[in-house]
Amino acid sequence: MATAMTEGARAAVRPRVTWRDPKRYLWLLGLVVPTLPFIAYGLVQLTGVGALWFFGPVLVFVIFPLADIVVGLDPANPPDDAIKLLEADRYYRWCTYAFIPIQYAGLAFSCWLWSSGELSVVESIGLALTMAMVSGVAINTAHELGHKRANLERWLSKVALASSAYGHFFIEHNRGHHVRVATPEDPASSRLGESFWAFLPRTVAGSLRSSWELERERLARGGSRPWTARNDILGAWAMTVALFAALTAIFGLVVLPYLLLQAVVGFSLLEVVNYLEHYGLLRQKRDDGRYERCAPRHSWNSNNVASNVLLYHLQRHSDHHANPTRRYQALRHVGEAPQLPTGYAGMIVLAYIPPLWRRVMDRRLSEHLHGDLSLANVKPRARARYGLSAAAGARA
């Protein structure tokens, strides 16, 4: 009896977590993206309008930016005592797991359509761009899974990356970007005065070099050379080669150009997101010559609901860099982090138009730095444009 009363007393004083995630079932909307090839097919069959093969880009670049404006913001955070329970809820994991089989079903369906001979070249390109939206957002799904410790999730991350031929992202992002973020040494951090179209080749080439060097160093510590089956980059690229070879063998060579097109546009979609996440932000050097720790002020954030549902809370980017293994549903809004004027979807469109991007974001960055652009990560050739000495570096 005493034992029972003791347990009852403990239960009475134990805090109860009654909070429920208001976006719990909204995360299922993220699964709309991998169904885009099927949606486009249905719309074309329903209306007879071939232009609807381009529905994927319309959804990402038109409908989602408008949805961000209409639906608005959600800065609410889960209470501290709900974080562990929220992360332990496996429902959220299945929301990301389910993306991948639908992604691959859409890719196979697209290949069947390309090989059917029923689509014109323009319509086939439209379908490839729609599939590219799937592959691009799949990299974000891979990003969420690749930060986790479970072997299954890390393997699924590589599977999600195969369709975009960007398997080295798994290496460079986790072991490169998260170490060098918001520094001139990071190929995935864009600089003040650098357009997206200048950033794109720099980050693609730089990330490739960085990932290879990181993997070479890892293997060297174990006494191995880079050309080995233990090289995770070669393994990831082999998955892409096997995937594209299998699809080409099944559906014919006609699908190969469209597979390559959707891959290039897909990883470019990732890189435009990288472009806007840390634009112009710089970690300062300490007296010992090392960079200060990454802080909330070193990432651009947004609480627009539509883009957050699409990208699994990636817009709460400061908390992600502070807690890389934290699951998306538990990521928190950080009040002192710099905020974007709208969600990622709208900012992507802005980034494609450099004069508009500079007009909006250069001013916002200056305000964030209280007018002191010597604290910014500036493109070297653009320093004079901002009244900075070409010889000046980051301030300690």
Side-chain angles (χ1 to χ4, degrees), residues 22-23 26-27 29-30 32-33 36 55-77 132-133 136-137 139-141 143-144 181-182 188-197 199-200 203 265 268-281 296-321 328-329 331-369 376-377:
K23 294 197 287 283
L26 288 180
W27 298 115
L29 293 175
V32 170
V33 173
L36 282 175
F55 179 72
V58 172
L59 177 70
V60 173
F61 301 136
V62 179
I63 297 175
F64 269 108
L66 292 175
D68 272 333
I69 296 171
V70 172
V71 178
L73 306 176
D74 174 28
N77 286 328
M133 300 301 103
V137 176
I139 300 178
N140 181 65
T141 305
H143 168 263
E144 170 65 23
V181 61
S189 293
S190 60
R191 302 162 181 172
L192 174 64
E194 181 178 38
S195 73
F196 166 67
W197 303 109
F199 171 77
L200 181 60
T203 189
V265 176
S268 298
L269 187 61
L270 159 78
E271 295 300 359
V272 73
V273 171
N274 277 340
Y275 174 77
L276 61 91
E277 286 175 335
H278 304 283
Y279 177 74
L281 300 174
R297 65 181 177 274
H298 298 126
S299 302
W300 291 101
N301 288 245
S302 172
N303 281 308
N304 289 86
V305 175
S307 288
N308 262 330
V309 169
L310 172 69
L311 297 173
Y312 301 120
H313 261 164
L314 183 65
Q315 298 178 135
R316 293 187 169 185
H317 210 60
S318 291
D319 194 29
H320 167 66
H321 272 277
Y328 69 92
Q329 68 271 21
L331 288 173
R332 301 169 65 86
H333 163 69
V334 181
E336 62 266 33
Q339 299 294 312
L340 294 167
T342 188
Y344 277 16
M347 296 307 298
I348 288 170
V349 176
L350 206 63
Y352 288 152
I353 311 171
L356 291 181
W357 173 269
R358 287 196 295 269
R359 182 172 182 177
V360 173
M361 287 304 297
D362 286 10
R363 180 185 307 157
R364 189 160 288 239
L365 176 64
S366 179
E367 292 172 354
H368 172 60
L369 298 176
N377 183 8

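Residue pairs satisfying the salt bridge (charged side-chain N to carboxylate O under 4.0 Å, His left out) criterion with at least one member in residues 338-360, sequence neighbours excluded, are absent. Counting only residues at least two apart or in different chains, salt bridge (charged side-chain N to carboxylate O under 4.0 Å, His left out) contacts with residues 332-357 comprise Asp80-Arg332. Sorted by first and then second residue, the salt bridge (charged side-chain N to carboxylate O under 4.0 Å, His left out) pairs involving residues 346-357 (not counting sequence neighbours) form an empty list. Sorted by first and then second residue, the salt bridge (charged side-chain N to carboxylate O under 4.0 Å, His left out) pairs involving residues 298-318 (not counting sequence neighbours) form an empty list.
For the pair Asn377 and Leu192, the minimum side-chain heavy-atom distance is 4.5 Å or more. The side-chain heavy atoms of Leu314 and Glu277, taken from C-beta on, include a pair separated by under 4.5 Å. Taking 4.5 Å as the limit, every side-chain heavy atom of Arg364 sits out of range of all side-chain heavy atoms of Pro338. Ser190 places none of its side-chain heavy atoms less than 4.5 Å from the side chain of Asn274.
For Tyr312 against Tyr328, the heavy-atom pair with the smallest separation is O-CB, 3.1 Å. Residue Met133 comes nearest to Val265 through the heavy atom pair CE-CG1, 4.0 Å, listed as atom of the first residue, atom of the second, then distance. The two residues Met361 and Pro341 come nearest to each other via the heavy atoms SD-CD, 4.1 Å.
For Phe61, the ring pair (Phe, Tyr, Trp, His ring centres under 6.0 Å) criterion is met by Tyr352, not counting sequence neighbours. The side chain to side chain donor-acceptor pair (under 3.5 Å) check on Asn140 picks up nothing, with sequence neighbours excluded. When the side chain to side chain donor-acceptor pair (under 3.5 Å) test is applied to Asn301, the partners found at least two apart in sequence or on another chain are Ser318. Glu271 is linked by a salt bridge (charged side-chain N to carboxylate O under 4.0 Å, His left out) to nothing, counting only residues two or more places apart in sequence or in another chain. Residues meeting the ring pair (Phe, Tyr, Trp, His ring centres under 6.0 Å) test with His321, sequence neighbours left out: His177, His178, His278, His317. Evaluation of the ring pair (Phe, Tyr, Trp, His ring centres under 6.0 Å) rule for His143 yields His147, His173, His320 as partners, not counting sequence neighbours. For Tyr275, the ring pair (Phe, Tyr, Trp, His ring centres under 6.0 Å) test picks out Phe196, Phe199, Tyr279, Trp357, with sequence neighbours left out.
The distance from the CD1 atom of Ile139 to the CG atom of Leu269 is 7.5 Å, given to the nearest 0.5 Å. Taken to the nearest 0.5 Å, the CG atom of Leu365 stands 6.0 Å off from the CG atom of Leu281. Rounding to the nearest 0.5 Å places CE of Met347 at 5.0 Å from CG of Leu340. Taking OG from Ser302 and CG from Asn308, the interatomic distance works out to 6.5 Å, rounded to the nearest 0.5 Å. Separation of atoms CD (Glu144) and CG (Leu311) is listed at 11.5 Å; rounding is to 0.5 Å.
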Self-check item: Worked check of side chain to side chain donor-acceptor pair (under 3.5 Å) between His333 and Asn303
Solution: CA-CA 7 Å; His333 163 69; Asn303 281 308; 2.8 Å; yes
Kindly list each side-chain donor-acceptor pair under 3.5 angstrom involving residues 64-75, sequence neighbours excluded, with atom names and distances?
{"residue": "Asp68", "atom": "OD1", "partner": "Ala306", "partner atom": "N", "Å": "3.2"}
{"residue": "Asp68", "atom": "OD1", "partner": "Ser307", "partner atom": "N", "Å": "2.9"}
{"residue": "Asp68", "atom": "OD2", "partner": "Ser307", "partner atom": "OG", "Å": "2.5"}
{"residue": "Asp74", "atom": "OD1", "partner": "Ala76", "partner atom": "N", "Å": "3.3"}
{"residue": "Asp74", "atom": "OD2", "partner": "Lys23", "partner atom": "NZ", "Å": "2.5"}

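No donor-acceptor pair closer than 3.5 Å links the side chain of Gln315 to the backbone N or O of Gly343.
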